[in-house]
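Sequential numbering from 1 along the given sequence is applied to the chain's residues.
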Amino acid sequence: MAAPRPSPLVPPGGGAGGSGGAAPAAGAPAGVSMRMFHGEVFLGEMEVFPMKPGSEGGLPFPSNEIRISHFSPASERCPPLAILQTIAAFSVRCKLQSKLTPPLQSLHRLYLSCFNEFKSAVVVVGDEELHLVAMPTKSEKVPCFWCCSARSGLYASSVGMLNLRCLAIVFDLDETLIVANTMKSFEDRIEMLSRRMDVEDDPVRIAGMSAEIKRYIEDKELLKEFIDTDTVTDNGKIVGTQKEEVQPVSVGQERVLRPVIRLPDRNAILTRINPEIRDTSVFVKLRPAWEELRSYLTAKGRKRFEVYVCTMAERDYALEMWRLLDPEGNLISPQQLSERVNCVKSGKSACFNYSAINSCLYRVSFIFYNSSTTSFCCSKKSLQNVFRDRGCHPKMAMVIDDRLNVWDDKDQHRVHVVPPYTPYYAPQAEMANAVPVLCVARNVACNVRGGFFREFDENLLRKVFELYYENGLLDLPYAPDVGDYLVCEENFVPSNKDQAPIPEGMRGAEVEKRPNGQSYRGEQREGQQISSSTRSPGWISYDFDNAILNTFLHDEGMSIRGTGGGKNIQLNGGTLAIAPSVFVTVLQEIGRLCDSKVEFRSTVSNGKSMQFSVEVLFSNEKIGIGIGKTRDEAQVQAAEKALQNLESSYLSFVAPIAGVPNQDSRKSPRSGNGFLEDVTCSDVDISMQEPSGSTLKQDHSNNLDKLSSVMTLIREHCLEDQHVVFRDQVRNSSPARNEEYHFQVELAGQILGSGVGSDRDVAKLLAAEEALRTLKSTTDPQIKKYLRPVR
C-alpha cells in the first residue's frame with residue numbers, strides 16, 4: 001500500500017508579499033532567474049537550479065525563459081514522477097521554484113492543478129518534452145517543480161498503459177505463430193527429403209522422412225487444388241473460397257477482396273496474397289493454442305497487452321498473415337496496422353545474400369551499407385524501431401520469437417524464446433509437453449505483467465510518494481523492467497536439440513517477392529542471373545572476402561580491400577572499418593547455419609615471445625590458423641583466414657550455377673557442404689584430370705549432396721560433444737598426373753571408415769559412407785560409448 005502523499009504548500013495568504021525567494025541548500029549550484037509563461041500568459045519569475053554542477057548541469061530552457069505549451073494527460077493513479085522514472089529513468093534536469101512569496105495566483109493555480117490531478121506542465125524543446133512536475137516541499141512556501149526530460153509523445157502513450165496496467169508484447173510471425181508454404185517451397189522440401197532418404201538405410205529414419213514427405217505432399221495437393229479451382233477437397237468434402245474484405249491500411253487504399261479457405265480441423269488457412277495472381281497462393285498452418293494466447297491478451301474486453309508485430313517478411317505478406325491471426329482486429333485495429341506491423345528490411349541499403357549448403361534454405365542474411373550514417377550496419381530487430389511512433393518504452397515490452405540473436409543485444413533479455421513451429425517434421429511436438437508452447441508463452445506473459453506491476457506499485461509508487469522537492473537525484477527509486485521478470489516456467493525450457501533438419505515455411509527472396517507474383521528463382525542484375533539467397537528474417541552475416549563483395553558491389557561503384565586483422569571497405573572513396581570481432585561471430589553463425597560445429601583450439605608457444613596460436617576447426621576439419629600476442633588477436637586472425645578459405649571453396653561451388661566470376665573456377669569444390677577447403681593439402685592444378693562439361697558439374701553436385709547428407713546422419717548418431725574428423729592421408733601420384741586421394745574418418749581416435757578416389761569429394765564420400773555403416777552396425781563398446789542412445 002502506498003504511503004500517504006505529502007501535502008502541497010500552504011495557499012498564499014494575505015500577508016505582505018515581497019520578493020524573497022527561498023535560498024538553495026548549502027553547496028547547491030547557484031540558481032538562474034527565468035520568466036515562466038503558459039502560452040502568452042506570464043506566470044512569474046522562477047529560480048532554476050541545475051541538478052548537476054559544472055558543464056553537466058546546463059539548463060535545458062532556450063532563451064532563458066520557460067514557456068509551457070500544454071499539460072500532460074492526467075493520470076488516475078500514477079504521479080508524473082513515477083511515469084517519468086519508468087520511461088526516462090533519472091532524467092531530472094533541474095529544479096524550479098517561484099521567486100515571489102507569495103506567488104502569483106496563476107502560478108499557484110497551475111501548481112495545485114498539476115499536483116492534485118497527477119499531470120505535468122510540458123515545455124517542448126525540439127524532439128524533447130520537458131515535464132514540470134509539481135513537488136511537495138518541506139520548508140518552502142512557494143510552488144516548486146522538478147523538470148524531467150522525455151522523448152516527445154512517449155509520456156502521453158505510457159500514462160494510458162500504466163493506468164490500465166497494460167504492457168506491450170511483440171510477436172514474430174514465421175515459425176513462431178505460423179508456417180506458410182507456396183508450391184515452390186513445398187517442392188523444395190520434398191526434393192531435399194527425398195535426397196536424404198536416398199543415402200539413408202536406417203528403416204526407422206526412412207519411415208520418419210517418408211511420413212514427413214507424405215504430410216508435405218498432402219498439403220501441397222490442397223494448395224494446388226486451391227490455385228487451380230478455388231476449392232479444396234477435405235475429407236471428401238468440397239470446400240469453396242470465401243471472399244474476405246481486407247480493411248485498408250492507409251487512406252486512399254483500394255478495397256481488396258481476398259479468396260480464403262479456412263480449415264479449422266487442420267488448423268490451416270489457404271489465402272492469396274495478390275488476389276489477381278494465383279501463384280501468390282499460400283498454405284498457412286496456425287500454431288496450436290494461438291486462440292488461448294489471443295483471448296488472454298484481451299480478456300473481458302480489457303487489453304492486458306498492446307500488441308505489435310516485428311518480422312523480416314515482405315509487408316503485404318506480413319499484413320495478411322496477421323489478418324489471418326487476428327481477423328476481427330481485436331489485438332491491432334485497422335487504424336493501427338501501419339504503425340504496429342513492423343517489417344525490418346534493408347531499405348536503401350545494398351543487400352548481400354549467400355546460399356547455404358546444397359540448396360538448403362538455411363538462414364543466411366546480409367550486411368548492408370547505410371548511406372545516411374556512413375557505416376556498415378547489421379539488420380537486427382530492435383524494440384526502439386518497433387516503437388518508432390513512441391507508443392511504448394522498451395522497458396515495458398516483451399517479445400515472443402523463435403530466435404534470440406535476431407534481436408539487438410540490448411533487447412535480448414526481454415525476449416521469450418519459443419521452439420520453432422515444425423508441423424511437418426514433428427506434428428505432435430506441440431502437445432508433447434503438458435502445456436502447449438503458446439500456453440506457456442501466455443503464462444510467461446502473465447507472470448511478467450504481474451511482476452512488473454507488483455514492483456511498480458509496491459516499490460516505485462510508494463517511494464515516489466515519499467519524495468520532496470528537497471530530495472536529490474539519487475533518492476529516486478529503481479523502475480521495473482520487463483526483462484527482470486522474463487523467466488521460463490520450470491516445466492518448459494526451450495531446446496534446440498530436436499529442431500527440424502530442414503527449415504519449414506518460406507525463406508528469403510521468396511518471402512519478399514511472393515505478394516507481387518514475381519519469380520522466386522532469382523534477381524536479374526544487368527543481364528546476369530545471380531542466384532537469389534534464401535535469407536530468412538534476421539540473421540547477421542558477413543560477405544566472406546573481396547571476390548564476393550566486389551561482385552555484388554560492382555554496379556554501385558564500390559570495392560573492398562582486405563587487410564590483416566580487419567577490413568577497410570572502400571565505398572565511393574570513403575573508408576570504413578569493420579570490427580575484427582565480426583569475423584568470429586560470422587564464422588560461428590555460418591557453422592550454425594550449416595549444422596557444422598566451429599571450434600577454436602588455442603595453444604601458447606614455448607618461445608620467449610609468448611605468442612598465442614589458434615586453429616579453427618569447421619566440422620572437425622582445420623580451415624584456418626592465427627598467431628597473435630593475445631588469444632583474442634590470434635582468434636580473430638584465424639577466423640578471418642577461415643572465412644577466406646570458406647569463400648574460396650564457396651565460389652568454386654556456386655560459380656557454375658550462379659554465374660559468379662571466379663578466376664579459380666577450374667578447381668572443384670573441396671568439401672561436401674560447398675564451404676570447406678582442406679588446408680592440409682597443397683594447391684594442385686587439377687584441371688587436366690577433370691572432365692569438362694555439364695556431366696562434371698552434375699557429378700560434383702551429386703557427390704556434394706550425398707556427402708552432406710551422410711555427414712548429417714553421422715552427426716545424428718554421435719553425441720554432441722564428440723568430433724568426427726576427416727584425415728587426409730598420403731596421395732600417390734605418377735608422371736601422368738593420375739592422383740589418388742586417401743581419406744579416413746575417425747571418432748575419438750577410432751577409425752570408422754576410409755576411402756580412396758581420384759577426386760577429393762569421391763574419397764571423402766566413400767570414407768563417410770563406410771563410417772556410417774560402421775556406426776550403425778558396431779558392437780565395439782569403445783565406439784558405442786560415443787554414440788547417442790537408440791530411440
With a 4.0 Å cut-off, would you call Arg287 and Asp402 a salt bridge?
no
Donor-acceptor contact present, side-chain Arg403 to main-chain Val417, <3.5 Å
no
Within this structure, what is the NZ-CG distance for the pair Lys463 and Leu81, rounded to the nearest 0.5 Å?
13.5 Å
Lys395 and Arg414, any side-chain heavy atoms less than 4.5 Å apart
yes
Does the pair Phe171 and Trp290 meet the rule for a ring pair (Phe, Tyr, Trp, His ring centres under 6.0 Å), with working shown?
CA-CA 12 Å; Phe171 287 107; Trp290 164 246; 5.6 Å; yes
Scan Asp408, Asp401, Asp409, Asp411 and name whichever one has a salt bridge (charged side-chain N to carboxylate O under 4.0 Å, His left out) with Lys381.
Asp401
Is it true that atom CD of Gln384 has more than 12 heavy atoms of other residues, nucleotides or ligands lying nearer than 6.0 Å?
no
With the side chain counted from C-beta on, respond yes when Pro102 and Val142 share a heavy-atom pair under 4.5 Å apart, and no when they do not.
no
Would you please indicate yes or no on a ring centroid separation below 6.0 angstrom for His393 and Tyr155?
no
Would you call the rings of Phe118 and Phe465 parallel, tilted or perpendicular, taking 30° and 60° as the class edges?
tilted
Output for pair (Arg340 CZ, Leu319 CG), nearest 0.5 Å, gives 14.0 Å
Are the side chain of Arg35 and the backbone of Arg67 linked by a donor-acceptor contact shorter than 3.5 Å?
no
Looking at side-chain heavy atoms only, is the closest gap between Ser152 and Arg390 below 4.5 Å?
yes
So, the side chain of Gln97 versus the backbone of Val48: is there a donor-acceptor pair under 3.5 Å, distance only?
no
Do the ring planes of Phe456 and Phe452 sit parallel (below 30°), tilted (30 to 60°) or perpendicular (above 60°)?
parallel
Main-chain N/O of Val123 paired with Ser69 side-chain donor or acceptor, under 3.5 Å
no
Is there a side-chain contact between Val399 and His416 (heavy atoms, below 4.5 Å)?
no
Side-chain contact test, heavy atoms from C-beta onward, threshold under 4.5 Å: evaluate it for Trp407 versus Cys310 and give yes or no.
yes
What do you reckon, is CZ of Arg454 surrounded by more than 12 foreign heavy atoms closer than 6.0 Å?
no
Polar side-chain atom of Lys95 near backbone of Met51 as donor-acceptor pair, under 3.5 Å
no
Ring centres under 6.0 Å, that's the criterion: do Phe387 and Tyr308 meet it?
yes
Hey, does Leu130 have a side-chain heavy atom less than 4.5 Å from the side chain of Arg93?
yes
Say you draw a straight line from CD1 of Ile178 to CE of Met321; how long is it, rounded to the nearest 0.5 Å?
5.5 Å
Flag side-chain contact, heavy atom, 4.5 Å: Ser149 against Ser91
yes
Contact check, side chains of Leu460 and Gln85, non-hydrogen atoms, under 4.5 Å
yes
Working note: Leu325 + Leu177, criterion side-chain contact (heavy atoms from CB on, under 4.5 Å); need CA distance, chi angles, decisive distance, verdict.
CA-CA 8 Å; Leu325 290 164; Leu177 300 180; 3.9 Å; yes
When you check the gap from the basic side-chain N to the acidic O, do Glu458 and Arg462 get nearer than 4.0 Å?
no
Would you check, one step at a time, whether the test ring pair (Phe, Tyr, Trp, His ring centres under 6.0 Å) holds for Phe71 with His131?
CA-CA 9 Å; Phe71 294 100; His131 291 261; over 10 Å; no
